[in-house]
There are 2 protein chains.
Amino acid sequence: MTSDIKSAARVLDMLELFSTRCDGLTLSEVARGLELPKSSTLGLLRTLHKRGYLVREDEDDSYRLNDMIRRDGFARHGRILRVAPPVMTALAVDAGETVLLGMPDASGLVRLLAKEASPSDIRYDIELPRKVPAYCTALGRVLLARMEPAAFEAALDSVPRAALTASTQVDRSAVIDAVEAARETGFAVVEDEFAVGGTGVAAVIPLGQGQPLAALGLACISQRYRQDPARLQAQLGGAISRIAEAMAGQGNM
Amino acid sequence: MTSDIKSAARVLDMLELFSTRCDGLTLSEVARGLELPKSSTLGLLRTLHKRGYLVREDEDDSYRLNDMIRRDGFARHGRILRVAPPVMTALAVDAGETVLLGMPDASGLVRLLAKEASPSDIRYDIELPRKVPAYCTALGRVLLARMEPAAFEAALDSVPRAALTASTQVDRSAVIDAVEAARETGFAVVEDEFAVGGTGVAAVIPLGQGQPLAALGLACISQRYRQDPARLQAQLGGAISRIAEAMAGQGNM
DNA sequence: AGGTAGTGTTCACGTTCGTGAACGCATCGT
DNA sequence: ACGATGCGTTCACGAACGTGAACACTACCT
């Protein structure tokens with residue numbers, strides 16, 4: 001059998017090292033501890049830092065494990081995956097449309113983590129796990145609306161803005177305007193831009209500090225959405241409140 | 001800032017994906033979920049499997065997250081790092097020598113995770129974090145004694161067996177004999193092989209299933225060790241029992 | 001004030017990896 | 001029984017990475 005992939009093995013070494021230390025470690029300490037060249041160590045530390053696994057202290061240039069990673073390991077979005085599904089099931093029945101839970105993924109993408117399909121035979125369905133672009137999906141736009149300006153700019157250009165349907169907004173300024181609107185209203189509605197006949201409506205789930213950014217959305221058949229958008233938006237808002245309350249109730253930060 | 005290191009980022013993606021799924025995922029499902037080529041996915045899955053992060057089900061070729069990783073994340077040796085130090089402090093005072101806790105690292109190496117220095121001004125001390133070779137250290141030999149034959153053979157040849165002192169055993173057969181002796185007696189004693197004037201004595205900590213392999217050892221000034229080896233070995237044995245009992249008492253598998 | 005030591009960081013290039021194409025195999029449908 | 005499909009796996013080669021050497025900077029000591 002072939003040997004390990006070097007960087008993959010090293011990143012695990014690094015995380016294991018940090019998990020044995022409560023105080024921070026400098027780049028040089030990590031390099032010595034793992035017997036790596038400093039420049040190789042730097043690349044891996046930057047990757048872990050960028051991904052949110054490590055936090056860097058400004059005062060002494062040391063790194064330490066993100067407290068949430070230390071507590072939950074990889075399952076940092078595990079709690080919301082336990083809390084959200086029952087609420088999503090109820091919403092799917094009430095709204096009659098498919099419910100999706102998504103989180104930011106690589107720049108410009110949304111990772112769909114959970115799904116409750118509509119009970120209707122005619123439905124907008126997807127298979128999990130799945131990633132979708134942010135620029136032309138409701139989940140994506142509300143998540144983009146919560147990003148720092150630099151990350152937002154980068155996200156806009158990280159994924160080619162292809163016209164997936166005749167209605168897809170691909171113009172950069174138009175997408176910015178749509179995200180700005182989502183920021184102001186708290187909702188995003190995307191009609192027929194990602195899939196013909198499909199409308200997405202989504203909002204961010206307001207969670208506390210230290211919690212991962214997540215959004216809930218409805219994936220609707222466009223004709224049904226147009227019949228009563230206010231009802232669907234209200235039902236989505238209600239579900240989001242229930243999830244946020246349940247997460248706050250279990251909070252033990 | 002430069003972009004992420006591809007494999008490092010991907011291995012995190014993979015672990016996060018598995019942490020959202022209780023049931024297993026096949027290679028193809030992982031590749032689809034993360035939008036990776038199958039051959040790239042295979043390399044990363046093999047690395048994670050080899051490192052013990054993933055378990056592979058024979059019946060359907062699917063992978064799933066190791067239960068211990070799912071529960072503890074990276075801190076899979078976190079519990080012993082909480083339990084052992086108070087016992088090690090007491091042992092350092094009783095024995096008058098430095099106490100070390102070690103675990104297997106890459107093939108042929110031991111990772112030193114915790115240390116209680118001897119209160120004596122004349123002492124055998126090391127800085128953490130640190131890795132030492134297995135072939136010529138007491139901690140290493142007792143850990144080698146617990147390995148499967150194939151892993152043991154590989155470990156013997158993974159690290160060049162340099163003569164660190166005039167007493168270092170570098171002959172392959174002699175090292176095998178020393179490890180065999182450690183297997184039979186439950187102890188390893190290494191006099192002046194790793195450092196002139198330093199003697200190591202170590203034994204494995206008998207922990208339950210699913211617990212990581214770990215060993216405790218004394219790093220003694222050789223002259224002091226020779227004065228009363230039986231006392232030091234007995235004190236080490238007593239500390240190991242206390243650690244094992246404490247770990248069993250907290251066990252909630 | 002100047003020299004030394006160690007830090008974090010950059011970069012060019014040799015080394016290693018990532019992966020597309022292809023393979024052997026198992027399963028399923030006709 | 002045979003063809004189609006999708007699985008896990010292998011391998012050669014272009015692409016990307018790892019890292020030694022060097023740098024700029026900071027802190028400390030004389």
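These numbers were taken from a predicted model, which means no experiment stands behind them. Protein chains get the first letters and strands the later ones, always in sequence-line order, with residue 1 at the start of each.
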(request) Look at B:S7 and C:dC17 and indicate whether a side-chain polar atom (N or O) is within less than 4.0 Å of OP1 or OP2. (result) no
(request) Please report, rounded to the nearest Å, how far the P atom of C:dT7 is from the CG atom of A:L45. (result) 14 Å
(request) Calculate the interatomic distance between A:L34 atom CG and D:dG18 atom C1'; express it in whole Å. (result) 15 Å
(message) C:dT7, OP1 or OP2 - any side-chain N/O from A:R32 closer than 4.0 Å?
(response) yes
Please tabulate the protein-to-nucleotide N/O contacts below 3.5 Å involving nucleotides 12-14 of chain D, giving atom names and distances.
none

(message) Tell me the interatomic distance from A:I5, atom CD1, to C:dG18, atom C1', rounded to whole angstroms.
(response) 8 Å
(message) Is there a salt bridge (charged side-chain N to carboxylate O under 4.0 Å, His left out) between B:D13 and B:K6? Walk through the geometry before answering.
(response) CA-CA 11 Å; B:D13 287 337; B:K6 203 182 226 175; over 6 Å; no
(request) Counting heavy atoms from C-beta on, name the nucleotide in D:dG8, C:dG8, D:dG18 closest to the side chain of B:R56. (result) D:dG8
(message) From CG of B:L25 over to P of D:dC7, roughly how many Å is that when rounded to an integer?
(response) 13 Å
(request) List the protein contact pattern of nucleotides 19-27 of chain D with one symbol per nucleotide (5' to 3'): B for base contact, S for sugar-phosphate-only contact, - for none; contact means a heavy-atom distance under 4.0 Å. (result) BB-------
(message) Distance check needed: C:dT10 P versus A:R46 CZ, whole Å only.
(response) 5 Å
(message) Is a donor from one side chain sitting under 3.5 angstrom from an acceptor on the other, for B:S222 and B:T199?
(response) yes
(request) Would you indicate whether the side-chain heavy atoms of B:S62 and B:L25 approach each other to under 4.5 Å? (result) no
(message) Need to verify one output field. Residue with the more 5' nearest nucleotide on DNA chain C, B:L44 or A:S62?
(response) A:S62
(request) May I ask you to decide whether B:R161 forms a salt bridge with B:D171, counting only side-chain N to carboxylate O separations under 4.0 Å? (result) no
(request) Return the value, rounded to whole Å, for the distance between atom CG of B:L42 and atom P of D:dG6. (result) 19 Å
(request) Could you check how far CG of B:L27 sits from P of C:dA26, rounded to whole Å? (result) 17 Å
